[in-house]
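Computed over heavy atoms, backbone and side chain alike; hydrogens, waters and symmetry mates excluded. Convention: sequence-line order gives letters A, B, ...; per-chain numbering from 1.
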Amino acid sequence: MSDAGPDPGEPGAGGARDFLRDEIRRDVESGLDGGRVQTRFPPEPNGYLHIGHAKAICLDFGLAEEFGGSCNLRFDDTNPDAEDTEYVEAIIEDLAWLGFTSARPPLFASDYFGQLAEWAESLIERGLAYVDEQDGETISAQRGGFGRPGIESPHRDRPVGESLELFGRMRRGELADGSCVLRARIDMQSDVMQLRDPVMYRIRHATHHRTGDEWVVYPTYDWAHGQSDAIEGVTHSLCTLEFDSHRPLYDWFLDQLPLPHGRPRQREFARLELTHTVTSKRRLATLVADGVVDGWDDPRLPTLRGLRRRGYPPAAIREFCDFIGVARTNSRHEIELLESFVRRELNATAQRRMVVLRPLLLTITNWPVDDEGSPLVVDVEVPNNPEDPGDGTRSVPCSGRLWIEAEDFMAEPPPRYHRLTPGREVRLRGAFYVTCTGFREEAGRVVEVECTYDPATRGGSAPDGRKVKSTIHWVSVEHAVPVQVALYERLFSAEVPGEATGDPLDDLNPDSRELLDHCRAEPEVAATEPGQVLQFERLGYFAHDPRIPGLFHRTVGLRDEWANIQKRRG
RNA sequence: UGGCGGGUAGUUCAACGGCAGAACGCCUGACUUUGGAUCAGGAGAAUGCAGGUUCGAAUCCUGCCCCGCCAGCCA
């Protein structure tokens, strides 16, 4: 251990410490790669980015930046079947939204197809690769099993010239899909399955999203990834734990080739899992395809697009990723932790507004009228964000007929209920004290609450110093603007979806979305920008839909002590 | 079944042979014009199990147990 450690406070030096940073620091100090740090984020353009990718992105870009290096965005586009430019664009867009742009323009593994093919021929010439004409099933069966060695292909020892000739025909499109593959010639006895003569090239007569019909053979992940890293001068190639068993192969290929820069090193870390959600492209695709959710940007999805529409600030996601750190332990973080970062960020930045979700009429019986008998309108001034006085104030109209939240009144309140109830005085946020004098019911439901107000309490405090136990939000009936609000609960009710039955769909929460169509908002809400996130006082944070005016998605609720009390009571 | 990786408060991490800590969650209280925010305090762990080395072990060694990954022409 070096006692001449770097200064704490230096980027990438002190502070966060984990196995990756420890190793990179050692590499830099020992002068490996001339002290250079270069990473890459390598998505396959066959789907949308999700919260799991966010962790990888924060790591790939974050570590490079901490150590004065850079991170490439490289699309791992070696499989023409599933990939599309649509995803390329979406990924670039989502990455930028998260707050990251690569120093270089986006790179593509498909840019290296020529070099890869050249290197493959070199391996054939040296007897390190051969063309196998058996079908996939046979090759798979010959691979053997755990604790059982594989069987060598009858083509394994064919002359170099024959493989060269066959590979040429593969490349020229003379051979049919699946008729043969190029395999690395390594060791069919190896305990590492990936070393049992892995496939390097397969034939696909398919149109690639970038190279079109130029190629008919496509490299596999294993043959493309490390070599792409080497071509780009990547020093640290970070990936998730399931690639751990590929590392010997990653290294084997690199050992056989003349590397233009230094030698990249693959290191693995645990992928991010969250409770009550799924983070696998396949699972997410199923939810979209089956219509369980409305699309890839459904606010209930952990896709970056979904989270964006839901109102998650990118800064909160980044801070969450930094906070959870990195380890090699398979782990599932509580979704509540992510939400706490969202609240923290939004509490500091979101402007407050008053919105009533389930309106109940409150009539102030002693409210003054003008000469023509119409109720007076009083404009009260309230801060936009009490956490940030610099954010100014706004004016909210108040009159004698108001909407209040239905649950803020109870005719027969349970213990510890502090809100409106017959005989009790509460504060209307920013306006006046009101005292409940009665209520009216229709068909057993409370339809109107009657109150008197104290004109001396304007602004919300009493000159005589008397206190109230609670403050409720309100909206003037005459000035209210209608809005629609979508309330969200967990998409999956189980902490680990599918744990019990193996199918996450069995744990779907049928009530994951509740649409409220009769919400009433203070006038200022009409001026909300698309995508803007507000705090609806006492309720939570709500994001204005980017496309549908007047639709708000609940990003996350406020901490709710009262709900907690009720829950404890059962 | 062979190989590899991993097991520390409820959860996620830290502690790198020297007093097991933090955050989130939970509980108490203070404060408060959001039952929010903020502040203070508290409960909560024989570090998977069993041995061993050592003055001293979460940390080193041995054996066992449990979890994850690997037998695609996916990545």
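Residue A:N385 has no polar side-chain atom (N or O) positioned under 4.0 Å from OP1 or OP2 of B:rA37. Here A:T329 does not reach the OP1 or OP2 of B:rG68: none of its side-chain N or O atoms lies under 4.0 Å away. Between A:T78 and B:rC74 there is no side-chain N or O to OP1 or OP2 distance below 4.0 Å.
To the nearest angstrom, P of B:rC13 lies 15 Å from CG of A:D322. Following rounding to the nearest Å, A:R21 (CZ) and B:rA15 (P) show an atom-to-atom distance of 12 Å. Atom-to-atom, CD1 of A:I335 to P of B:rG25 comes out at 14 Å; the value is rounded to the nearest Å. Protein atom CZ of A:F243 is 18 Å distant from nucleotide atom P of B:rG5, rounded to whole Å. Regarding A:R267, its CZ atom lies at a distance of 16 Å from the P atom of B:rC4, rounded to whole Å. To the nearest angstrom, P of B:rA75 lies 11 Å from NE2 of A:H225.
For CZ of A:R172, the number of neighbouring non-hydrogen atoms (other residues, nucleotides, ligands) closer than 6.0 Å is greater than 12. Environment of CZ in A:R416: sparse, with no more than 12 heavy atoms of neighbouring residues, nucleotides or ligands closer than 6.0 Å.
Remark: B:rG10 base-pairs with B:rC24; criterion is Watson-Crick or G-U wobble with both hydrogen-bond distances under 3.5 Å. Across all strands shown, B:rA50 forms a Watson-Crick or G-U wobble pair, both distances under 3.5 Å, with B:rU62. Base pairing annotation: B:rC4 forms a Watson-Crick or G-U wobble pair with B:rG68, both donor-acceptor distances under 3.5 Å. When Watson-Crick and G-U wobble pairs are counted only if both distances are under 3.5 Å, B:rA43 pairs with no nucleotide at all.
Residue A:R328 is in sugar-phosphate contact alone, with no base atom involved, counting any heavy-atom pair closer than 4.0 Å across all strands shown. At a threshold of 4.0 angstrom between heavy atoms, the contacts of A:E44 are confined to the sugar-phosphate backbone, with no base atom among them. Contacts of A:L337 with the nucleic acid, taken as non-hydrogen atoms under 4.0 Å apart, involve only primed sugar atoms and P, OP1 or OP2. In this structure, A:N46 reaches neither bases nor backbone, as no heavy-atom distance under 4.0 Å exists between it and the strands shown.
Anti is the conformation of B:rA22, whose glycosidic angle sits further than 90° from 0. With a glycosidic angle more than 90° from 0, B:rG36 adopts the anti conformation.
Side-chain contact of A:H276 with A:E495: a donor-acceptor pair under 3.5 Å is absent, judged by distance alone. Under 3.5 Å, the side chains of A:R40 and A:H225 contain a donor-acceptor pair of N or O atoms. For the residue pair A:R196/A:Q194, the side-chain donor-acceptor check at 3.5 Å is not satisfied.
Relative to the side chain of A:D76, the nucleotides B:rA75, B:rG35, B:rG36 differ in distance, and B:rA75 lies closest. Closest to the A:E387 side chain, of the nucleotides B:rU34, B:rA37, B:rC13, is B:rA37. Nearest nucleotide to the A:R419 side chain, out of B:rG35, B:rG5, B:rU34: B:rG35. Comparing B:rA75, B:rG35, B:rC4 by their closest approach to the side chain of A:T471 singles out B:rG35. Closest approach to the A:R344 side chain among B:rG25, B:rC24, B:rC13 is made by B:rC24 (side chain taken as heavy atoms from C-beta onward).
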For nucleotides 70-73 of chain B, which of its nitrogen or oxygen atoms have a protein nitrogen or oxygen under 3.5 Å away, and what is each distance?
{"from": "B:rC70", "atom 1": "O2'", "to": "A:Q194", "atom 2": "OE1", "distance (Å)": "3.1"}
{"from": "B:rC70", "atom 1": "O2'", "to": "A:Q194", "atom 2": "NE2", "distance (Å)": "3.3"}
{"from": "B:rG72", "atom 1": "OP2", "to": "A:S140", "atom 2": "OG", "distance (Å)": "2.8"}
{"from": "B:rC73", "atom 1": "OP1", "to": "A:R143", "atom 2": "NH2", "distance (Å)": "3.1"}
{"from": "B:rC73", "atom 1": "OP2", "to": "A:R143", "atom 2": "NH2", "distance (Å)": "2.8"}
{"from": "B:rC73", "atom 1": "N4", "to": "A:Q134", "atom 2": "O", "distance (Å)": "3.2"}
{"from": "B:rC73", "atom 1": "N4", "to": "A:G136", "atom 2": "N", "distance (Å)": "3.2"}
{"from": "B:rC73", "atom 1": "N4", "to": "A:G178", "atom 2": "O", "distance (Å)": "3.2"}

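Between A:Y250 and A:F243, the ring center distance fails the sub-6.0 Å criterion.
A donor-acceptor pair under 3.5 Å links the side-chain atoms of A:R394 to the main chain of A:R352, judged by distance alone. A donor-acceptor pair is defined here as one N or O able to donate and one able to accept, closer than 3.5 Å; no such pair exists between the side chain of A:R283 and the backbone of A:V278.
Comparing A:R416 and A:D222 by the nucleotide of RNA chain B that holds the closest heavy atom to each, the one mapping nearer the 5' end is A:R416.
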Assess whether side chain to side chain contact (heavy atoms under 4.5 Å, CB included) is satisfied between A:I317 and A:I51, documenting all intermediate values. CA-CA 8 Å; A:I317 297 174; A:I51 185 76; 3.8 Å; yes

